[in-house]
S.K.: 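This structure is in structure tokens; I'll ask about it shortly.
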Amino acid sequence: MRTGNEEVSRVLETVADLLEVLGGEEARKAAAYRRAARSVRALDEDVADLHEAGRLTEIPGVGGALARKIGELIESGRLAYHERLAAEVPPGVLDLLRLPGVGPRTAGLLWRRLGVEDLETLEEAARSGSLRKLPGFGPKKEAAVLEGLAALRRRSGRIPLGEARPAALALVDLLSAVPGVTAVSPAGGVRRWCETVESIDIVAGVEEPEGLQGPAAGNGPGDARSPEGAGRAGGPGGSVAARVAGIVRDLPDVTEVLQVARDRVRASLRSGVEVDVRLVPARLYAGALRHFTGSREHNESLQKRAASMGLALGPEGVLEKGGRSRPARSEEEVYSELGLAYIPPELREGRGEVEAAAEGRLPRLVELSDIRGDLHVHTDWSDGHLSLEGLVEAARARGYEYVVVSDHSRSLAVTGGLDEERLLAQKDAIEELNRRLAEEGPAEEHGAGPFRLLAGVEVDILPDGRLDLPDGVLAEMDVVTASVHSALRQPGERMTERLVGAAKNEHVDVIGHPTGRLLGRREPSALDLEGLFEVCARTGTLLEINASPERLDLKDTDARLAKDMGCRFTVSTDAHHARALGDMVYGVATARRAWLEPGDVANTRSLADLRRLLR
DNA sequence: GCCGTTTTCGGCCCGACTGTTTTCAGTCG
């Protein structure tokens with residue numbers, strides 16, 4: 001497995017953190033490492049390919065020294081410089097950075113002055129009152145630290161889908177190449193596209209060697225509450241598990257690969273997340289996949305329904321009462337035998353989907369192929385890495401009909417946000433590019449007309465509630481998204497006023513990432529969401545489902561509530577480079593978890609229909 | 001450690017907010 005861009009980027013970022021925690025002269029270098037880390041993350045090419053071609057120094061912010069270090073990392077998977085720095089700092093000190101308001105400087109100070117080595121010792125220091133004796137600390141910071149620790153504990157043991165899913169897919173790839181493995185899939189939270197998961201679950205079907213086949217029923221299959229009962233690799237007894245253990249013994253390849261794969265996945269993840277690979281005999285695969293995918297609530301609903309029909313439901317499939325039964329050949333079959341329409345994994349949460357399936361009123365969920373354009377993308381006019389031309393190319397490659405350029409506005413200075421003048425200049429550039437595209441003729445993918453770049457903006461909602469650009473300019477734009485990027489911790493009332501004020505502005509089409517949360521890193525702003533939804537439903541202002549796996553904002557349950565209140569949505573990536581356009585899958589999955597249909601999502605529309613909606 | 005010249009060192013995306021200060025450091029976006 002090659003060292004990927006993400007991993008290189010993460011090591012460089014960690015080096016930067018360590019340098020700043022250690023302080024002193026070397027800390028100056030940190031900014032250089034961070035810049036390089038960002039560049040590598042934004043690369044569309046594989047950093048390993050660049051290394052092979054000797055082109056690493058073409059990456060902005062990478063000179064000779066960093067090129068050598070990145071090369072070392074790619075070739076050996078390790079970086080001696082990183083290991084040397086890490087050895088100087090207790091490992092728990094870097095965990096302190098996960099607290100809002102604690103940066104590397106503060107972490108270094110806590111460690112050197114108070115001997116704080118990890119989150120636990122920090123909590124002790126906060127509770128004993130020794131924290132506020134530190135320069136720059138007072139009662140408020142102490143309270144913020146304790147609150148941050150509490151928030152961290154609430155989400156401990158869970159990792160964001162954006163980390164879990166790639167790890168799960170890598171594991172699936174490894175396993176599917178093993179002889180004897182007939183089918184393999186993620187299950188559990190990853191398959192349901194939960195925003196965070198506490199374990200990575202994989203189900204793999206394994207060929208049964210001669211002589212081991214036997215009836216599946218009557219063996220006391222595990223129930224939904226204790227999935228371990230059904231043949232978790234290397235797990236405890238039970239006859240299904242025992243049979244699996246027998247198979248595994250005959251297939252040393254599998255156990256070996258499993259061990260390697262599991263270690264690798266664990267190592268690639270920050271926290272000690274569980275990785276459970278369930279090996280099942282091939283003919284039990286479909287039933288097991290169903291069993292290990294649904295939430296406990298979903299599985300319990302199914303079991304209740306089975307019981308009410310005089311049936312039982314186990315990991316193999318639907319069983320006739322007291323009798324044996326053949327294992328399910330597909331998930332569809334299980335649902336059908338229970339008199340239910342097929343329930344897609346994203347809905348298997350125990351939120352009314354079983355009842356809906358029974359009554360034939362499951363939604364026709366929006367799909368990735370319904371999406372005709374991305375309404376929130378950044379370019380190199382602000383902090384994105386794509387040129388306008390590059391954006392067109394990347395969006396066309398995804399089969400889109402249109403894409404909205406929505407760069408930041410002036411107040412977000414660090415992003416090079418656009419003022420009125422530059423925004424209008426960008427609009428001219430977009431129109432010029434559209435003229436050229438029109439001459440080229442219709443985009444082949446759809447034939448409905450030439451690909452169109454739309455002129456938009458992500459205008460900042462300022463701390464006082466005003467928008468960062470005058471109405472006159474906003475009126476000129478095709479699509480205006482209004483978002484909060486500063487003062488995210490204002491009291492709920494003020495935050496709500498800011499967002500409601502923006503939603504009421506006639507030029508604002510979309511409220512971007514409404515709660516401002518960052519999964520695993522930043523809590524959502526205090527906000528009266530229902531109040532906001534009410535206004536959006538009335539004014540027709542769209543709510544964004546930000547597809548970046550760091551955000552997923554709105555989240556599934558909030559979006560479902562908003563839909564029930566009459567709101568409509570956009571699903572957009574907020575991409576800052578070409579690869580991030582691919583995050584759309586996360587946004588669509590979140591929309592599906594919110595029970596959204598194509599009609600609920602503005603960017604499933606043709607350009608003409610979209611324009612009509614926005615008017 | 002990078003970069004871009006002022007070619008061999010000195011600056012380093014920028015402004016606001018926060019909690020702490022009594023003039024500012026650190027964090028954040």
Side-chain angles (χ1 to χ4, degrees), chain A residues 11-13 15-40 42 56-70 79 81-82 85 96-110 113 131-148 378 380-385 407-419 458-464 466 468 483-491 494-495 498 512-513 516-518 521-523 525 546 548 550-551 553 574 576:
Chain A
V11 172
L12 296 178
E13 197 79 53
V15 168
D17 287 340
L18 288 166
L19 285 168
E20 280 197 84
V21 166
L22 285 163
E25 284 302 298
E26 297 285 283
R28 300 245 78 177
K29 295 183 198 166
Y33 275 85
R34 283 193 209 289
R35 175 159 143 77
R38 265 199 312 277
S39 294
V40 170
L56 283 176
T57 52
E58 289 175 22
I59 302 170
V62 175
L66 272 171
R68 275 190 299 280
K69 290 193 166 78
I70 293 172
L79 179 58
Y81 182 56
H82 168 229
L85 292 173
L96 305 180
L97 302 179
R98 296 164 66 196
L99 293 166
V102 176
R105 294 259 155 91
T106 307
L109 192 69
L110 288 165
R113 296 280 288 271
L131 208 55
R132 48 171 100 183
K133 292 184 192 118
L134 224 50
F137 271 81
K140 288 211 179 168
K141 266 211 145 150
E142 181 187 278
V145 162
L146 287 170
E147 171 49 36
H378 295 272
D380 56 9
W381 282 66
S382 68
D383 62 344
H385 295 259
D407 277 309
H408 292 287
S409 59
R410 184 186 49 90
S411 285
L412 223 50
V414 64
T415 66
L418 276 52
D419 59 15
E458 182 179 20
V459 62
D460 237 58
I461 303 172
L462 300 172
D464 64 5
R466 285 178 308 120
D468 195 25
S483 317
V484 169
H485 293 102
S486 58
L488 293 111
R489 300 264 73 87
Q490 285 178 342
R494 298 256 329 114
M495 286 303 300
R498 287 166 77 185
H513 46 71
R517 73 169 182 170
L518 293 177
R521 287 193 284 142
R522 188 169 68 206
E523 297 292 303
S525 295
N546 190 291
S548 164
E550 305 209 308
R551 293 187 183 270
D553 182 13
D574 201 353
H576 286 68

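For the numbers below, each heavy atom of this structure counts, side chains included, while hydrogens, waters and symmetry mates do not. Quick note on labels: first sequence line is chain A, next is B, and so on, each numbered from 1.
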S.K.: For B:dG11 versus B:dT6, give the span between their C1' atoms, rounded off to a whole number of Å.
M.R.: 12 Å
S.K.: Measure the CG-CG distance between A:D17 and A:L96 for me, rounded to the nearest 0.5 Å.
M.R.: 11.0 Å
S.K.: Find the distance A:L96:CG to B:dT27:C1' and express it as a whole number of Å.
M.R.: 15 Å
S.K.: Output the rounded distance in Å from CZ (A:R105) to C1' (B:dC24).
M.R.: 13 Å
S.K.: Could you check how far CD of A:E26 sits from C1' of B:dC12, rounded to whole Å?
M.R.: 16 Å
S.K.: Distance between the P atoms of B:dC14 and B:dT7, in whole angstroms?
M.R.: 23 Å
S.K.: Identify all pairs in which a protein N or O lies below 3.5 Å from an N or O of nucleotides 2-6 of chain B, and state each distance.
M.R.:
residue	atom	partner	partner atom	Å
B:dC2	OP1	A:G63	N	2.8
B:dC2	OP1	A:G63	O	3.2
B:dC2	OP1	A:G64	N	3.4
B:dC2	OP1	A:A65	N	3.3
B:dC2	OP1	A:L66	N	2.9
B:dC3	OP1	A:G61	N	3.2

S.K.: Going by atom types only, do A:S411 and A:D468 share a side-chain donor-acceptor pair under 3.5 Å?
M.R.: yes
S.K.: When the P atoms of B:dA16 and B:dT21 are compared, how many Å lie between them, rounded to an integer?
M.R.: 24 Å
S.K.: When you compare B:dC17 with B:dG4, how far apart are their P atoms, in angstrom units rounded to a whole number?
M.R.: 33 Å
S.K.: First locate atom OG of A:S483, then atom CG of A:N546, and finally report the distance between them rounded to the nearest 0.5 Å.
M.R.: 8.0 Å
S.K.: In whole angstrom, what separates A:R521's CZ from B:dC28's P?
M.R.: 10 Å
S.K.: Just how far is it from atom NE2 of A:H576 to atom NE2 of A:H385, taken to the nearest 0.5 Å?
M.R.: 8.0 Å
S.K.: If we take the C1' atom in both B:dT20 and B:dA25, what is their distance in whole Å?
M.R.: 9 Å
S.K.: Establish, with yes or no, whether the OP1 or OP2 oxygen of B:dG1 is under 4.0 angstrom from a side-chain nitrogen or oxygen of A:K69.
M.R.: yes
S.K.: Can we say A:E523 and A:R517 salt-bridge, meaning some charged N sits less than 4.0 Å from an Asp/Glu carboxylate O?
M.R.: no
S.K.: Have a look at A:R38 and say if it touches a base, only the backbone sugar-phosphate, or nothing, with a 4.0 Å heavy-atom cut-off.
M.R.: base
S.K.: Measuring from atom CE of A:M495 to atom CD1 of A:I461, what distance do you get when rounded to the nearest 0.5 angstrom?
M.R.: 8.0 Å
S.K.: So with a 6.0 Å cut-off around CZ of A:R489, is the heavy-atom count from everything else above 12?
M.R.: yes
S.K.: For atom C1', what is the distance between B:dC9 and B:dG19, given to the nearest Å?
M.R.: 37 Å
S.K.: Find the distance between CG (A:L97) and OG1 (A:T106) and round it off to the nearest 0.5 Å.
M.R.: 9.0 Å
S.K.: Between atom NE2 of A:H378 and atom OG1 of A:T415, what is the distance when rounded to the nearest 0.5 Å?
M.R.: 8.0 Å
S.K.: Given the C1' atoms of B:dT22 and B:dT8, what is the spacing between them in whole Å?
M.R.: 42 Å
S.K.: Rounding to an integer number of Å, can you tell me how far A:E20 CD sits from B:dT27 P?
M.R.: 8 Å
S.K.: Checking all strands, does A:G416 fall into the base, sugar-phosphate, or nothing category for heavy-atom contacts under 4.0 angstrom?
M.R.: nothing
S.K.: Show me the protein contacts with nucleotides 16-22 of chain B, counting only N or O atoms at under 3.5 Å.
M.R.:
residue	atom	partner	partner atom	Å
B:dT20	OP1	A:G138	N	2.5
B:dT20	OP1	A:G138	O	2.9
B:dT20	OP1	A:P139	N	3.3
B:dT20	OP1	A:K140	N	3.3
B:dT20	OP1	A:K141	N	3.2

S.K.: Rounded to the nearest angstrom, tell me the gap between atom CG in A:L56 and atom C1' in B:dG1.
M.R.: 15 Å
S.K.: Is a donor from one side chain sitting under 3.5 angstrom from an acceptor on the other, for A:E550 and A:H513?
M.R.: no
S.K.: Within this structure, what is the NE2-to-P distance between A:H82 and B:dG1, rounded to whole angstrom?
M.R.: 15 Å
S.K.: Considering Watson-Crick and G-U wobble pairs with both distances under 3.5 Å, what does B:dC9 pair with?
M.R.: B:dG4
S.K.: Can you measure A:Y33 atom OH to B:dG1 atom P for me and round it to whole angstrom units?
M.R.: 4 Å
S.K.: With C1' as the reference atom in both, quote the distance from B:dG10 to B:dT5 in angstrom, rounded to an integer.
M.R.: 11 Å
